[in-house]
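One structure is given below, encoded as structure tokens.
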Amino acid sequence: MQEEMVSLGNLYRKWIEIGAAVIGLTIGILTVFGQQVLPGQWNSLANSVSVWLTPAFFAAAPGSSKTRAAMAGIFALLGMVAGYYVYAMFVQGVAHSAYYMLVWSGAAVAGGIVFGIAGCLWKNGGGRSRACGSAIIGGAFVAEGLHLFMNFADYSHMTDVGTAQVAIGFVLALGLERSLKARGAALIAMLPVVSLGLIGYQILDSLTG
């Protein structure tokens, strides 16, 4: 059984871009169901930016190089965008603007590069490099949660979601590290990550609001 798992892991690493795209397509479709199933404000978590970035981070982590990890991250996020819109439009019959598809596709490329490399740093790096990877994925959640609170007038109905995202971010940053020293390094590295993340979420809001 263990040998089979190793074999599957090696096969995934060899075809990581295709595997990441399949994962992305699946999650994109599941997002549509999540929006329908999750109650009230919690359905926003289904297509939360940080939630989508998480599988891209882990799907790209086994990449043999930063370049391959970045490509896997792009494939994963583009797969999510494609799965979401294709299912919504052609299965559910819900129309969507080409503008938003282009915006989210562009965001998928940018996010795929950053979070694909972050996953590679976390998986294959050591010391500060690994801590930076943990900080980037954790910081994405914290930044999105803080963004909701900083724009309270627009998101006053989503305070519980914002609180959960901040908590998840800290759990990820700390939980992905193995020692107190590494966890401290991840927390410190989260400071610039959260600052940049807040800028990123504000830009996305301006493009999609």
Side-chain angles (χ1 to χ4, degrees), residues 23-59 61 73 76-77 79-81 83-85 87-88 92 94 96-97 100-101 103-104 107-108 110-112 114-115 118-119 122 131-177 183-184 186-209:
I23 291 171
L25 282 167
T26 304
I27 291 172
I29 295 170
L30 289 175
T31 296
V32 181
F33 291 101
Q35 288 177 309
Q36 297 171 343
V37 173
L38 292 174
Q41 61 179 295
W42 297 102
N43 65 15
S44 64
L45 281 177
N47 67 334
S48 154
V49 172
S50 53
V51 169
W52 271 30
L53 291 172
T54 303
F57 174 91
F58 287 108
L77 287 170
M80 291 179 216
V81 173
Y84 178 85
Y85 282 113
Y87 188 88
Q92 293 186 317
V94 178
H96 283 277
S97 165
Y100 287 106
M101 285 186 260
V103 168
W104 288 114
V114 173
F115 286 84
W122 169 73
C132 283
S134 302
I136 289 172
I137 188 60
F141 277 90
V142 173
E144 187 166 15
L146 291 178
H147 174 73
L148 298 184
F149 287 110
M150 291 173 66
N151 295 272
F152 186 77
D154 297 323
Y155 300 108
S156 59
H157 61 294
M158 293 173 59
T159 54
D160 289 345
V161 171
T163 302
Q165 287 175 318
V166 171
I168 291 169
F170 279 104
V171 168
L172 278 172
L174 296 173
L176 290 175
E177 291 304 319
R183 288 167 184 149
L187 289 177
I188 293 171
M190 274 179 65
L191 294 173
V193 171
V194 171
S195 298
L196 291 171
L198 287 170
I199 295 172
Y201 284 118
Q202 202 61 46
I203 291 171
L204 277 176
D205 258 12
S206 67
L207 292 172
T208 61

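Quick note: numbers below take in every heavy atom, side chains included, and nothing from hydrogens, waters or symmetry partners.
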Please report, to 0.1 Å, the donor-acceptor pairs under 3.5 Å made by any side chain of residues 186-195, with sequence neighbours excluded.
{"residue": "Ser195", "atom": "OG", "partner": "Leu191", "partner atom": "O", "Å": "3.1"}

- Partners passing ring pair (Phe, Tyr, Trp, His ring centres under 6.0 Å) against Tyr87 (at least two apart in sequence or in another chain): Phe33
What pair of heavy atoms forms the shortest contact from [X] to [Y], and how long is it?
X	Y	answer
Val81	Ala108	CG2-CB, 4.2 Å
Val161	Trp42	CG2-CE3, 3.8 Å
Ile23	Ala59	CD1-CB, 4.1 Å
Leu198	Ala143	CD2-O, 3.4 Å
Leu204	Ala107	CD2-CB, 4.2 Å

- Task: Hey, can you tell me if Tyr85 and His96 have their rings parallel, tilted or perpendicular (30° and 60° cut-offs)?
- Result: perpendicular
Keeping [X] on the side-chain end and [Y] on the backbone end, is there a donor-acceptor pair under 3.5 Å?
X	Y	answer
Trp122	Leu176	yes
Gln35	Asn47	no
Thr31	Ile27	yes

Heavy-atom distance under 4.5 Å between the side chains of [X] and [Y], does that happen here?
X	Y	answer
Leu146	Tyr201	no
Leu45	Gln165	yes
Glu144	Val51	no

Would you give the length of the straight line joining atom [atom1] of [X] to atom [atom2] of [Y], rounded to the nearest 0.5 angstrom?
X	Y	atom1	atom2	value
Met158	Ser48	CE	OG	8.0 Å
Met150	Asp205	CE	CG	11.0 Å
Thr159	Phe152	OG1	CZ	6.0 Å
Gln202	Leu207	CD	CG	10.5 Å
Leu148	Ser44	CG	OG	7.5 Å
Ile29	Met80	CD1	CE	12.0 Å

- Under 6.0 Å between ring centres, would you say that holds for Tyr84 and Trp104?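 No; Trp104 has its ring centre 6.0 Å or more from that of Tyr84.
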- Message: Within a 6.0 Å radius of atom CZ on Phe170, are there more than 12 heavy atoms belonging to other residues, nucleotides or ligands?
- Response: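 At most 12 heavy atoms, drawn from other residues, nucleotides or ligands, come within 6.0 Å of this atom.
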- Query: Picking from Leu53, Thr54, Val49, what satisfies side-chain contact (heavy atoms from CB on, under 4.5 Å) with Phe141?
  - Reply: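 One option only clears the test, and that one is Thr54.
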- What's the verdict on side-chain contact (heavy atoms from CB on, under 4.5 Å) for Phe57 and Ile136, showing C-alpha distance, side-chain angles and the deciding distance? CA-CA 9 Å; Phe57 174 91; Ile136 289 172; 5.6 Å; no
